[in-house]
Amino acid sequence: MKPQSYNNHIRFYTPHHFVYYPILIAFLTASIYFCFTKPEKLVWIFISVVFVFLFCLAFMLRQHYALVLQNRIIRLEIRYNYFTLTGNRFEEIEYQFNDSQLYALRFASDDELVSLVEKSIKEKLSSDEIKKAIKNWKPDHERV
């Protein structure tokens, strides 16, 4: 595996992103085409609606449960790391971060975490700015 950095930290799930969705899009496209070219328009409209529903449902369910759990774990990991490094509870300052900023902090190494937390609070860094400020990227190969 290549070392993880800002440039390659986005992850795709091949069966989902490059097999299921393209096939579903192809079927949806075909059903919409048949809506306009076949005499059974109502049947093809119904089939198109079913494919749209499947597309939306697959996207929402695949992401929702995994992301909720992952976000809770990331929050706990940051709390633990911060407490281990400083002896202070992160919960006392956590309210100053929005979720995306907290999730960006997970990539910071132990050497950088405390100073990056302080800098983020002081300069009100966005999540993207936090990621770009990280010098020693701690990879997260297990995320969804």
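With Glu112 contributing its side chain and Lys135 its backbone, the two residues share a donor-acceptor pair below 3.5 Å. The backbone N or O of Asp110 lies less than 3.5 Å from no partner atom in the side chain of Asn136, so there is not a single donor-acceptor pair. The closest donor-acceptor contact from the side chain of Asn8 to the backbone of Ser5 lies under 3.5 Å.
Interatomic distance, OG1 of Thr86 versus CD of Glu118, reported as 9.0 Å (0.5 Å rounding). Ser48 OG to Phe53 CZ: the interatomic distance, rounded to the nearest 0.5 Å, is 15.0 Å. Rounding to the nearest 0.5 Å places CZ of Arg106 at 10.0 Å from NZ of Lys138. One finds the NZ atom of Lys131 at 9.5 Å from the OG atom of Ser126 (value rounded to the nearest 0.5 Å).
Within a 6.0 Å radius of CG in Leu57, other residues, nucleotides and ligands contribute more than 12 heavy atoms. Residue-environment remark: CZ (Phe51) exceeds the threshold of 12 foreign heavy atoms within 6.0 Å. The environment of Tyr33 atom OH is sparse: at most 12 non-hydrogen atoms of other residues, nucleotides or ligands sit within 6.0 angstrom.
Looking at every heavy atom in both residues, Pro22 comes nearest to His17 through CD-O, 3.5 Å.
Residues Phe27 and Phe36 fall within the same hydrophobic cluster, defined by Ile, Leu, Val, Met, Phe, Trp and Tyr side chains chained together at heavy-atom separations under 4.5 Å. A chain of hydrophobic side-chain contacts below 4.5 Å, direct or via other Ile, Leu, Val, Met, Phe, Trp or Tyr residues, connects Leu54 to Val43.
Residues satisfying the side-chain hydrogen bond (donor to acceptor under 3.5 Å, both in side chains) criterion with Lys132, sequence neighbours excluded, are Asp128. Partners of Tyr21 under the ring-ring contact (aromatic ring centres under 6.0 Å, His included) rule, at least two apart in sequence or in another chain, are His16, Phe55. Legend: residues meeting salt bridge (Lys or Arg N to Asp or Glu O under 4.0 Å) with Arg75, ordered by chain and number and at least two apart, are Glu94, Asp99. Residues that satisfy the side-chain hydrogen bond (donor to acceptor under 3.5 Å, both in side chains) test with Glu40, not counting sequence neighbours, are absent from this structure. By the side-chain hydrogen bond (donor to acceptor under 3.5 Å, both in side chains) test, Thr29 pairs with no residue at all, sequence neighbours left out. The side chain to side chain contact (heavy atoms under 4.5 Å, CB included) test applied to Ser127 returns Ser100, Ala104, not counting sequence neighbours. Residues satisfying the ring-ring contact (aromatic ring centres under 6.0 Å, His included) criterion with Phe34, sequence neighbours excluded, are Trp44. Under the rule for a salt bridge (Lys or Arg N to Asp or Glu O under 4.0 Å), Lys124 has no partner lying at least two apart in sequence or in another chain. With sequence neighbours left out, Ser115 forms a side-chain hydrogen bond (donor to acceptor under 3.5 Å, both in side chains) with no residue at all. Every residue two or more places apart in sequence or in another chain was checked for a salt bridge (Lys or Arg N to Asp or Glu O under 4.0 Å) with Asp111, and none qualifies.
If you chain together ILVMFWY residues whose side-chain heavy atoms come under 4.5 Å of each other, Tyr80 ends up in a group of its own. Under the 4.5 angstrom side-chain criterion for Ile, Leu, Val, Met, Phe, Trp and Tyr, the cluster partners of Tyr6 are Ile74, Ile78, Tyr82, Leu85, Phe90, Ile93, Phe97, Leu102, Tyr103, Leu105, Phe107, Leu113, Val114, Leu116, Val117, Ile121, Leu125, Ile130, Ile134, Trp137.
Of the residues listed (Ile23, Val49, Val50, Val52), the one engaging Leu28 in a side chain to side chain contact (heavy atoms under 4.5 Å, CB included) is Val52, and it is the only one.
Residues Gln70 and Asp140 fail the side-chain proximity criterion, which asks for heavy atoms closer than 4.5 Å.
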